[in-house]
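Worksheet: the structure to be examined is printed underneath.
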Amino acid sequence: REMMEVGMAMKVVLSLCCVGACSLAIYLYYTVWVVPQRLLAGFRRQGIGGPRPSFPYGNIADMREAVAAAKSAPRAGGRIVHDYRPAVLPFYDKWRKEHGPVFTYSMGNVVFLHVSRPDVVRDINLCVSLDLGKSSYLKATHEPLFGRGILKSNGEAWAHQRKIIAPEFFLDKVKGMVDLMVDSAQTLLESWEARVDKSGGTLDIKIDDDIRAYSADVISRTCFGSSYVKGKKIFLKLRELQKAVSKPNVLAEMTGLRFFPTKKNRQAWGLHKQVHRLILEIVKESGEDKNLLRAILHSASSSKLGLREAENFIVDNCKSIYFAGYESTAVTAAWCLMLLGLHPEWQDRVRQEVLDVCGGRPLDSQSLQNMKNLTMVIQETLRLYPAGAFVSRMALQELKLGGVHIPKGVNIYIPVSTMHLDPKLWGPDAKEFNPARFSDARPQLHSYLPFGAGARTCLGQGFATAELKILISLIISKFALKLSPLYQHSPALKLIVEPEFGVDLTLTKVHTYDRSRGYVKVQLN
Ligand code: HEM
């Protein structure tokens with residue numbers, strides 16, 4: 001009898017396990033396949049199609065195939081092609097040809113709406129509702145890098161962070177940072193000058209590390225009141241962290257589970273802990289300067305947050321600023337110098353302009369404003385090489401934009417380069433470097449998106465522009481640049497689009513700075 005009871009109990013347990021396993025399988029099938037299929041069917045009913053997804057990864061295999069094919073395709077025979085889409089996002093080109101400028105695709109159970117139709121983009125730009133948030137795709141993968149800081153948060157939490165951080169980048173604050181930025185640039189200029197002199201007047205140089213150090217120094221000093229030397233470890237760790245999380249963790253994205261101790265996860269968690277500790281050290285040592293760090297600390301201490309939450313609030317927002325303010329500006333400066341190296345005629349125009357505007361006086365915010373050619377060169381760099389490949393959003397509630405009904409949970413991706421290279425918007429020379437196109441006041445307001453769109457637009461835009469103008473004007477007024485034969489043009493999408501092998505330039509000194517006479521032309525042999 002006892003044996004029978006044990007047997008019965010075993011049967012019950014087994015049956016429960018079977019029921020549990022079946023329910024889990026049905027649940028997974030429902031979330032991974034049925035829900036996204038319903039969303040896609042809803043779009044098809046509106047006449048919006050897209051590539052057919054396969055179970056369970058959607059269109060990921062198609063995307064990988066297209067990337068592999070693009071990698072093995074022959075290069076443009078040494079010619080520099082500014083359109084980075086075939087190299088970086090080859091699948092979009094194919095899908096856009098097949099399905100038009102608005103189409104759907106899926107990655108795992110996440111549904112994407114690709115939008116490159118100007119009227120829909122304009123509506124996204126104009127939408128200020130909190131129901132349109134940041135895309136949650138890759139949130140699990142990127143968690144160690146951004147946490148719940150301003151870059152990735154949504155709703156009231158985001159609005160609160162934006163209110164604290166945005167005023168620190170208003171124009172009057174940026175004006176007050178110009179001297180610090182010029183100071184940071186001196187280190188780079190002096191080191192390049194010494195190296196050019198040492199090598200007999202001309203130097204081949206890979207510029208990226210020096211430019212990153214400049215950008216890191218600017219952020220450290222202006223926002224955190226500390227020097228790059230102090231912040232250096234943070235930047236190095238953040239860059240490692242960026243590399244560690246630059247590939248999607250598909251399993252974590254599909255299941256929401258991030259606790260598998262895979263090698264990549266362990267590496268990212270370790271780096272995250274180290275950065276957390278380093279940022280809190282900077283906080284402890286910070287003085288009473290009125291800077292961004294003070295504003296964040298003040299907000300954390302006046303909110304009703306527990307110690308742990310307050311620390312996370314501080315660290316996540318500092319990490320977001322370190323990352324946002326450092327990478328994209330450094331990469332944009334590198335692309336800009338590459339383009340000037342290719343276009344000596346624009347280099348001459350900018351050099352002359354700097355001499356005319358400054359006349360040997362130190363740079364200030366007014367002279368930066370008067371540099372029209374330089375402004376156009378930077379705008380054109382950001383049009384051809386926008387660091388952010390997409391503007392990404394998510395419908396946190398059901399929305400209607402540009403006449404398209406978008407259900408809750410759908411991710412909206414605007415491919416920035418496609419908007420920037422559209423010949424209907426920018427003319428037949430859209431793929432060429434022609435800064436003069438920006439001589440008309442703000443062309444293509446809603447289709448020029450290097451700093452994003454609408455309520456979530458980059459709040460460091462004025463800061464970044466000042467920082468870029470200072471660096472480029474000082475470099476151009478001292479050196480003539482030529483693109484080195486060592487340069488390999490290969491834009492690559494890491495988290496942002498960067499030159500895969502860096503930028504190699506040949507520098508020759510053209511002016512030297514004399515305290516009494518300002519910039520003095522160097523006599524070239
Ligand atoms: C050339 C340099 C830069 C480029 C190309 C750039 C680009 C962008 C882009 C595309 C976005 C997303 C906007 C959107 O989704 O609509 C963004 C957001 C942001 N950027 Fe920048 N950025 C640059 C420099 C900076 C700097 C220097 C800072 C600060 C020091 C900064 C701080 C931020 C912040 C905090 C956000 C998040 C805004 C929010 O979600 O409310 N950026 N940036």
Side-chain angles (χ1 to χ4, degrees), residues 115 121 124-128 130 132-135 137 146 148-155 157-170 173-174 177 180-181 184 211-212 214-224 231 291-293 295-296 316-336 375 377-394 411-417 419-420 446 448-472 495-498:
V115 173
V121 173
I124 294 172
N125 238 322
L126 295 175
C127 177
V128 289
L130 288 182
L132 187 65
K134 266 284 154 94
S135 164
Y137 183 63
F146 304 120
R148 292 178 195 171
I150 183 170
L151 283 170
K152 292 287 168 178
S153 56
N154 279 327
W158 164 75
H160 173 66
Q161 296 174 53
R162 179 111 187 168
K163 211 166 129 192
I164 298 160
I165 298 174
E168 298 302 316
F169 293 100
F170 284 170
K173 287 269 168 90
V174 174
M177 297 172 181
L180 275 181
M181 291 179 181
S184 298
I211 291 197
R212 278 208 161 82
Y214 161 72
S215 165
D217 196 43
V218 168
I219 284 289
S220 300
R221 297 171 80 180
T222 52
C223 298
F224 298 97
N291 54 28
L292 176 76
L293 181 58
I296 294 175
D316 287 352
N317 277 298
C318 290
K319 269 198 299 192
S320 294
I321 298 295
Y322 273 123
F323 174 81
Y326 157 65
E327 277 292 319
S328 31
T329 318
V331 163
T332 303
W335 287 127
C336 187
T375 309
V377 165
I378 291 171
Q379 286 172 315
E380 183 69 339
T381 302
L382 285 163
R383 186 183 71 83
L384 290 174
Y385 294 94
F390 321 98
V391 170
S392 65
R393 294 287 183 271
M394 185 160 97
N411 287 262
I412 306 160
Y413 267 44
I414 305 171
V416 176
S417 271
M419 303 307 295
H420 286 185
H446 293 296
Y448 182 60
L449 308 162
F451 292 106
R456 299 294 298 246
T457 191
C458 173
L459 51 70
Q461 187 168 342
F463 180 98
T465 308
E467 188 183 341
L468 286 168
K469 280 184 168 179
I470 288 169
L471 182 71
I472 308 287
L495 280 185
I496 57 178
V497 181
E498 47 183 76

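Note that ligands are numbered from 1 as they come in the structure, with each ligand's atoms numbered from 1 the same way. Both backbone and side-chain heavy atoms feed into the values below; hydrogens, waters and symmetry mates do not.
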Of all the atoms in ligand 1, which lie at a distance below 4.0 Å from a heavy atom belonging to Gly452? 10 (C), 13 (C), 14 (C), 16 (O)
So for Thr329 against ligand 1, with non-hydrogen atoms under 4.0 Å, the contacting part is both
Residue pair Met181 / Tyr214, side-chain heavy-atom distance below 4.5 Å: yes
Using a 4.5 Å cut-off on heavy atoms from C-beta on, say whether the side chain of Glu327 contacts that of Glu498. yes
Top protein contact for atom 1 (C) of ligand 1, by heavy-atom distance: Thr332 OG1, 3.4 Å
Atoms of ligand 1, numbered as shown, that sit under 4.0 Å from any heavy atom of Phe169: 29 (C), 30 (C)
I need the atoms of ligand 1 closer than 4.0 Å to a non-hydrogen atom of Leu459, numbered in the order shown. 35 (C)
Is the backbone of His446 close enough, under 3.5 Å, to the side chain of Asn125 for a donor and an acceptor to pair up by distance? yes
What I'd like to find out is whether the side chain of Ile219 reaches to under 4.5 Å of the side chain of Tyr322, using heavy atoms alone. yes
Donor-acceptor pair, Ser215 side chain versus Tyr326 backbone, under 3.5 Å? yes
Under a 4.0 Å heavy-atom limit, does Arg162 contact ligand 1 with its side chain, its backbone, both, or neither? side chain
Determine whether a donor-acceptor pair (N or O, by modelled atom type, separation under 3.5 Å) exists between the side chain of Tyr137 and the backbone of Ser392. no
shortest atom 23 (C) of ligand 1-to-protein heavy-atom contact is with Ser328 OG, 3.4 Å
Side chains of Phe463 and Thr329: closer than 4.5 Å at any heavy-atom pair? no
Return the orientation label for the Phe146 and Phe323 ring planes: parallel under 30°, perpendicular over 60°, tilted otherwise. perpendicular
For Val416, which of Val391, Leu382, Val121 qualifies under side chain to side chain contact (heavy atoms under 4.5 Å, CB included)? Val391
Heavy atom under 4.0 Å from ligand 1: found in Arg393's side chain, backbone, both, or neither? side chain
Could you check whether atom CZ of Arg456 has more than 12 heavy atoms from other residues, nucleotides or ligands sitting under 6.0 Å from it? yes
May I ask you to list the atoms of ligand 1 that are less than 4.0 angstrom from any heavy atom of Phe463? 27 (C)
Tell me the protein heavy atom at minimum distance from atom 6 (C) of ligand 1, and give that distance in Å. Phe451 CD2, 3.7 Å
Can you check whether Val377 reaches Ile472 side chain to side chain, under 4.5 Å on heavy atoms? no
For ligand 1, is there an N or O atom under 3.5 Å from any N or O atom of Trp158? yes
Closest protein heavy atom to atom 40 (O) of ligand 1, given as residue, atom name and distance to 0.1 Å: Arg456 NE, 2.8 Å
Among protein heavy atoms, which lies nearest atom 33 (C) of ligand 1, and at what distance? Ala324 CB, 3.7 Å
Of Ala466, Gly388, Cys458, Pro450, the residue with the heavy atom nearest atom 10 (C) of ligand 1 is Pro450
Can you find an N/O atom of Glu467 closer than 3.5 Å to an N/O atom of ligand 1? no
To check you understand the geometry: which heavy-atom pair defines the closest contact between Cys318 and Leu293, and what is its length? SG-CD1, 3.8 Å
So which bit of Ile219 gets within less than 4.0 Å of ligand 1, heavy atoms only: side chain, backbone, both or neither? side chain
From the candidates Pro386, Gly325, Ala464, the one that places a heavy atom nearest atom 28 (C) of ligand 1: Gly325
Which residue and atom name correspond to the protein heavy atom nearest atom 37 (C) of ligand 1, and how close is it? Leu151 CD2, 3.4 Å
To the nearest 0.1 Å, how far is atom 12 (C) of ligand 1 from its closest protein heavy atom, and which atom is that? Lys134 NZ, 3.9 Å
